[in-house]
Amino acid sequence: MTLDTKISTPHERNGNRLLAFDGLVFRPRSDTPIWQQIYDHIFDLIESGSLAPGSQLPGETHLAQKLAVTRITLRRALQQLQHEGHLTARKGVGIFVRNLPSTFTVRDGQRFLDNFEAHGQEIGTNTLLIVREPAEPAVAERLRLAPDTTIIRLCRIRTSDKQPVYVNTKFFPAHLFPDFEQRYDVRQSVTDVFRAHGIDNYRRAETRISGGFASPDEAEILRLTPGTPVFRINAVNEDRNGVPIEWTRGCWPLTSVEFVF
């Protein structure tokens, strides 16, 4: 038995994605700007599920040709959708619909992966930096340390299906964790580090969540358009005796996560 198979070409795949834009008829410009009508159409496709989470939009050139508009007009609609977090651009790849928001449950004494529900998506960790250094005044204050006490600074990115969803910087009193680097290296787990140093139970003493807009640096790391709405996290963990053992500052794209307390 011979089985005929055909692998679609990039042009064919782009053509299939363009089908979602069939039937779009623009109203007069005096009624609503063309870019706004394109925005509305794409937003409706996302909300209805016609453009599924994680799906890729047609290439900008092909989509502009399909809609018979300039790339400048199209780009304004796409950038607005990116600013609001509905779309995300991946450098050198294209523009994608944001995945469904994950759920992060704030619980005491749990690893990140135990608190994070990502709807079956593969969760990854990219550690950017681990360094021991003197504490800056703000860090010393939050960890209740004397100025210039040595601390450990850990910077890392969490990914969902290889898409960055969370970037954070953590600070720890260095004297509590002499083997931090070696223990962390095994599974990139801070909870493992705590347990290896005799801290089996700890609690979230404080969690502050505020809104803001992605800075250029945050946008670069999270592959967002600068100015995209984000959550900013400021949290402190303490051991059973009420001693601060960790201060975290982090940033999530607004549409990527729901918090449960």
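Computed from heavy atoms alone, side chains included, the values below leave out hydrogens, waters and symmetry copies. Just so you know, these numbers come straight off a predicted model, no measurement behind them.
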List in chain and number order the residues that pass side-chain contact (heavy atoms from CB on, under 4.5 Å) with [X], two or more places apart in sequence or in another chain; answer none if no residue qualifies.
X: Phe26; answer: Leu24, Ile34, Gln37, Ile38, Leu67, Val69
X: Glu218; answer: Ala214, Ser215, Arg232, Cys251
X: Lys66; answer: Leu18, Phe21, Asp22

What heavy-atom pair brings [X] and [Y] nearest, and what distance separates the two atoms?
X: Arg144; Y: Gly242; result: NH1-O, 3.2 Å
X: Arg132; Y: Ala174; result: NH1-CB, 3.5 Å
X: Thr228; Y: Gln82; result: OG1-O, 3.1 Å
X: Ile245; Y: Leu143; result: C-CD2, 4.5 Å
X: Phe171; Y: Ile151; result: CD2-CD1, 4.0 Å
X: Ala146; Y: Ala140; result: O-CB, 4.0 Å

Check the pair Trp247, Asn234 against side-chain contact (heavy atoms from CB on, under 4.5 Å), reporting the backbone distance first and the verdict last. CA-CA 7 Å; Trp247 177 36; Asn234 193 316; 2.7 Å; yes
Side chains of [X] and [Y]: does their closest heavy-atom pair fall under 4.5 Å?
X: Arg71; Y: Thr61; answer: yes
X: Arg195; Y: Arg183; answer: no
X: Pro173; Y: Leu145; answer: yes
X: Glu84; Y: Tyr39; answer: yes
X: Val97; Y: Leu87; answer: yes
X: Gln36; Y: Gln80; answer: no

Should [X] and [Y] be counted in the same cluster of Ile, Leu, Val, Met, Phe, Trp and Tyr side chains packed under 4.5 Å apart?
X: Leu176; Y: Val139; value: no
X: Phe213; Y: Ile209; value: no
X: Val190; Y: Val236; value: no
X: Leu78; Y: Leu51; value: yes

Audit row: Asp192, Val186, side-chain contact (heavy atoms from CB on, under 4.5 Å) steps and yes/no: CA-CA 9 Å; Asp192 286 356; Val186 177; 5.7 Å; no
[X] [atom1] to [Y] [atom2] distance, which is reported to the nearest 0.5 Å:
X: Leu222; Y: Tyr166; atom1: CG; atom2: OH; answer: 11.0 Å
X: Arg156; Y: Tyr184; atom1: CZ; atom2: OH; answer: 4.0 Å
X: His197; Y: Asp179; atom1: NE2; atom2: CG; answer: 4.5 Å
X: Ile157; Y: Leu128; atom1: CD1; atom2: CG; answer: 4.5 Å
X: Leu81; Y: Ile95; atom1: CG; atom2: CD1; answer: 9.0 Å
X: Thr70; Y: Arg75; atom1: OG1; atom2: CZ; answer: 9.0 Å

Applying salt bridge (Lys or Arg N to Asp or Glu O under 4.0 Å), name anything that partners Arg153, two or more places apart in sequence or on another chain. Glu133
Please identify each residue that fulfils salt bridge (Lys or Arg N to Asp or Glu O under 4.0 Å) with Arg29, with sequence neighbours left out.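 Residues passing salt bridge (Lys or Arg N to Asp or Glu O under 4.0 Å) with Arg29: none at all.
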Could you tell me how the ring of Phe177 sits relative to the ring of Phe172: parallel (under 30°), tilted (30 to 60°) or perpendicular (over 60°)?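 Perpendicular, since the angle between the ring planes exceeds 60°.
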Using side-chain hydrogen bond (donor to acceptor under 3.5 Å, both in side chains), reason through Ser189 and Thr191 one step at a time and then give a plain yes or no. CA-CA 5 Å; Ser189 167; Thr191 300; 4.5 Å; no
Treating Asp239 as the side-chain partner and Val243 as the backbone partner, does any N or O pair qualify as donor plus acceptor under 3.5 Å? yes
So for atom [atom1], which belongs to [X], do other residues, nucleotides or ligands contribute more than 12 heavy atoms lying within a distance under 6.0 Å?
X: Glu141; atom1: CD; answer: no
X: Leu129; atom1: CG; answer: yes
X: Phe96; atom1: CZ; answer: yes
X: Glu206; atom1: CD; answer: yes

Any side-chain donor near an acceptor of the partner, Arg27 and Thr32, under 3.5 Å: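 Yes, a side-chain donor-acceptor pair sits under 3.5 Å.
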Would you mind telling me which of Thr127, Asn126, Thr125 makes a side-chain hydrogen bond (donor to acceptor under 3.5 Å, both in side chains) with Gln188?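 Among Thr127, Asn126, Thr125, the one that satisfies the side-chain hydrogen bond (donor to acceptor under 3.5 Å, both in side chains) with Gln188 is Thr127.
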Taking ring-ring contact (aromatic ring centres under 6.0 Å, His included) as the definition, give me every residue that meets it alongside His86, ordered by chain and number, with sequence neighbours left out. Phe43
Test side-chain contact (heavy atoms from CB on, under 4.5 Å) applied to Val193 and Glu246, step by step: CA-CA 12 Å; Val193 173; Glu246 174 189 349; over 6 Å; no
